[in-house]
Amino acid sequence: RAGGKPPRRRANFHSHGAPTRATMSPMRRLPILLVFVLSAAGCLHVPDRAEMAALRADAAVGRLQQRERECGADGAPSFSGDLSLRQAVDMALERNLAYRKELLARDIARGRILSAREEMLPTLSASGGWTRFDGELRNDAGSVTRYRDQYSASATLTQPLFNARAATAARAAALHGEWVELEIRQAEEQLRFDVGRAYYAAVLSESLLAVQSNSLATAESQLSDVRARRRQGMAGNYDELRAEVEVANFSAQVSSAREARIEAYTALYRLLRLPPDSDMHLLDPIPLVPETIDFPPAVFCALSRRSDLAAADYAVRLRHEAAESVRAGYFPAISAFFSEEAADPDPKGGGDKWGNQWKAGLNASWTLFDGFARRGELMQARAEERQLALALRDAEEAAESEIRQMVLTLRTAEEFAKSQSKNLETAKEALRLVQTGLREGQNTPVEVMDAREALSIAVANYYRSIYDHAIARMQLQKAMGLIAEGPLPDEPVLVPPGELSRAARAAEEEE
């Protein structure tokens with residue numbers, strides 16, 4: 001041929017002009033079929049129960065080895081040292097796996113925002129192919145109508161010009177991103193509250209264990225003193241038996257308090273993702289901070305700052321955008337395109353050689369009637385939007401009731417803690433008087449034991465009361481949307497200065 005291009009191999013023709021088809025024997029097809037079946041079997045394989053048990057056993061071995069490396073060869077605690085409440089919260093925000101899982105929703109939201117831009121930005125696609133036929137085809141005149149090898153490559157650029165769904169999708173993606181941020185904030189607030197409650201529970205367990213241990217040591221000393229007095233004829237058999245019962249009771253209470261301490265520290269270490277054999281010294285005591293809170297400013301603070309209410313508001317807006325997306329289906333979609341193709345044989349009919357062609361134009365689609373599908377979807381979306389709006393209103397009213405209840409609970413807890421403080425002073429004075437009377441012969445050892453037991457109960461009740469007050473204070477802090485700012489300091493700060501706006505003042509005056 002001209003140009004020095006070697007001629008293609010022609011297919012063998014019979015006398016009537018039909019090409020001879022290349023055939024493959026079944027024995028040659030069998031290996032290909034076996035390879036396909038084996039590959040499909042490997043792709044479809046999933047571990048059964050026995051294999052999963054073996055995999056979990058291997059994972060357990062690895063986890064125990066990791067824990068052994070963390071603890072060290074001498075078995076020392078993995079983590080030890082001083083730990084404040086703020087340090088515990090920061091550690092939980094950094095290490096807690098449940099919270100880190102919530103943070104990944106931020107990447108999901110970013111991906112949704114990127115994908116929503118598809119309706120507005122141009123798209124560029126490319127394709128290529130190679131096809132080999134069993135032979136060439138010719139017509140009666142001897143011209144080739146199909147070549148044995150065919151190649152093609154093309155690129156297409158499409159730019160949307162008008163699509164009513166594009167802006168709706170972009171707004172919905174942005175709203176979803178803000179909604180996700182609020183969900184993350186809710187998870188952070190819950191983690192902060194859980195860590196604070198677990199921290200104070202561990203401090204309470206330390207205090208109760210110390211109270212019971214001191215009571216046990218005093219009871220044992222009292223038992224020795226009663227036995228000495230009995231040998232001197234100054235105490236009876238009942239006094240000694242009563243002292244032995246007191247020692248046994250306090251021993252059981254010490255064991256129970258020690259077990260409660262282990263449980264409290266285990267719960268705290270779980271939130272901080274620390275090994276259970278850690279030995280942390282908690283620095284912050286349980287505070288007793290009186291708070292002067294009025295109901296109207298507390299409600300205003302909650303309605304303006306709570307993340308769950310803001311998330312519910314975003315949910316209403318998201319559902320509104322969903323309704324707008326359905327309504328956008330009533331409008332046409334218009335886009336422009338440009339495409340260029342290179343192929344062998346020439347797509348313009350130039351024979352067995354490479355050639356190219358391009359094309360450009362506009363595409364428009366408009367659904368005129370879809371059997372009332374869009375109308376039904378629009379009715380559903382608008383009804384769901386109204387449902388979410390009512391749910392938001394209900395959540396606001398529930399928050400108002402919650403704030404009212406928590407303000408009352410905090411006041412009650414404060415009054416109870418003050419009463420227990422007075423009761424503690426009374427119990428201390430009663431024990432002092434009885435001990436003085438015992439030395440002067442006016443009281444018996446049994447009366448001293450009863451007074452000491454009453455003092456032990458008063459001390460335990462006092463610690464529990466300040467713990468209940470601290471938890472009530474944290475609950476109100478969380479309900480008002482302030483817990484994300486950090487642990488509460490040892491001063492009244494639940495209603496920040498300037499938080500009471502004109503609307504709140506008006507509500508207070510109306511109240």
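This structure is a prediction, so every number in the text was calculated from the model and none was measured.
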Taking atom [atom1] of [X] as the centre, report whether more than 12 heavy atoms of other residues, nucleotides or ligands fall under 6.0 Å from it.
{"X": "Glu259", "atom1": "CD", "value": "no"}
{"X": "Arg393", "atom1": "CZ", "value": "no"}
{"X": "Trp354", "atom1": "CH2", "value": "yes"}

Residue pair [X] / [Y], side-chain heavy-atom distance below 4.5 Å:
{"X": "Glu94", "Y": "Met91", "answer": "no"}
{"X": "Gln477", "Y": "Phe193", "answer": "no"}
{"X": "Arg110", "Y": "Leu114", "answer": "no"}
{"X": "Gln150", "Y": "Pro345", "answer": "yes"}
{"X": "Tyr467", "Y": "Arg197", "answer": "yes"}
{"X": "Tyr269", "Y": "Asp277", "answer": "no"}
{"X": "Asp284", "Y": "Val203", "answer": "no"}

Could you tell me the separation between the [atom1] atom of [X] and the [atom2] atom of [Y], rounded to the nearest 0.5 Å?
{"X": "Phe372", "Y": "Met379", "atom1": "CZ", "atom2": "CE", "answer": "11.5 Å"}
{"X": "Leu209", "Y": "Ser256", "atom1": "CG", "atom2": "OG", "answer": "10.0 Å"}
{"X": "Ile471", "Y": "Lys478", "atom1": "CD1", "atom2": "NZ", "answer": "12.5 Å"}
{"X": "Leu388", "Y": "His320", "atom1": "CG", "atom2": "NE2", "answer": "13.0 Å"}
{"X": "Ser205", "Y": "Leu282", "atom1": "OG", "atom2": "CG", "answer": "8.0 Å"}
{"X": "Leu392", "Y": "Asp313", "atom1": "CG", "atom2": "CG", "answer": "5.5 Å"}

Heavy atoms only: give me the nearest [X]-[Y] pair and the separation to one decimal.
{"X": "Leu157", "Y": "Pro122", "value": "CD1-CB, 4.1 Å"}
{"X": "Met474", "Y": "Ile483", "value": "O-CD1, 4.4 Å"}
{"X": "Ala323", "Y": "Arg382", "value": "CB-CG, 4.1 Å"}
{"X": "Phe337", "Y": "Thr158", "value": "CB-OG1, 4.1 Å"}
{"X": "Ile293", "Y": "Leu476", "value": "CD1-CD2, 3.2 Å"}
{"X": "Val326", "Y": "Arg374", "value": "CG1-O, 3.5 Å"}

Quick one: do [X] and [Y] make a salt bridge, cutoff under 4.0 Å?
{"X": "Glu321", "Y": "Arg317", "value": "no"}
{"X": "Lys348", "Y": "Asp346", "value": "no"}
{"X": "Glu324", "Y": "Arg327", "value": "yes"}
{"X": "Glu189", "Y": "Arg185", "value": "yes"}

Report yes or no: does [X] contribute a side-chain atom to a donor-acceptor pair with the main-chain N or O of [Y] at less than 3.5 Å?
{"X": "Tyr199", "Y": "Leu83", "value": "yes"}
{"X": "Glu178", "Y": "Leu175", "value": "no"}
{"X": "Gln380", "Y": "Arg375", "value": "no"}
{"X": "Arg148", "Y": "Phe133", "value": "yes"}
{"X": "Trp366", "Y": "Tyr330", "value": "yes"}

Take Gln190 and Gln186, measure what side-chain contact (heavy atoms from CB on, under 4.5 Å) needs, and give me the verdict at the end.
CA-CA 6 Å; Gln190 186 63 45; Gln186 289 184 60; over 6 Å; no
Full working for side-chain contact (heavy atoms from CB on, under 4.5 Å) between Leu410 and His469
CA-CA 6 Å; Leu410 182 60; His469 179 270; 3.7 Å; yes
Between the side chains of Glu206 and Tyr265, is a donor N or O closer than 3.5 angstrom to an acceptor N or O?
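A donor-acceptor contact under 3.5 Å links the two side chains.
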Audit row: Leu191, Asn96, side-chain contact (heavy atoms from CB on, under 4.5 Å) steps and yes/no:
CA-CA 9 Å; Leu191 181 59; Asn96 188 270; 3.9 Å; yes
Are Glu188 and Ile184 close enough, and set up right, to give a side-chain contact (heavy atoms from CB on, under 4.5 Å), and what steps lead you there?
CA-CA 6 Å; Glu188 177 185 348; Ile184 294 175; 5.5 Å; no
Going through the distances and angles, do Arg146 and Asp134 end up as a salt bridge (charged side-chain N to carboxylate O under 4.0 Å, His left out)?
CA-CA 11 Å; Arg146 187 189 73 184; Asp134 58 352; 3.3 Å; yes
Give the ring-plane orientation class for Trp130 versus Tyr151, where under 30° counts as parallel, over 60° as perpendicular and anything between as tilted.
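Aromatic pair Trp130/Tyr151 classed parallel.
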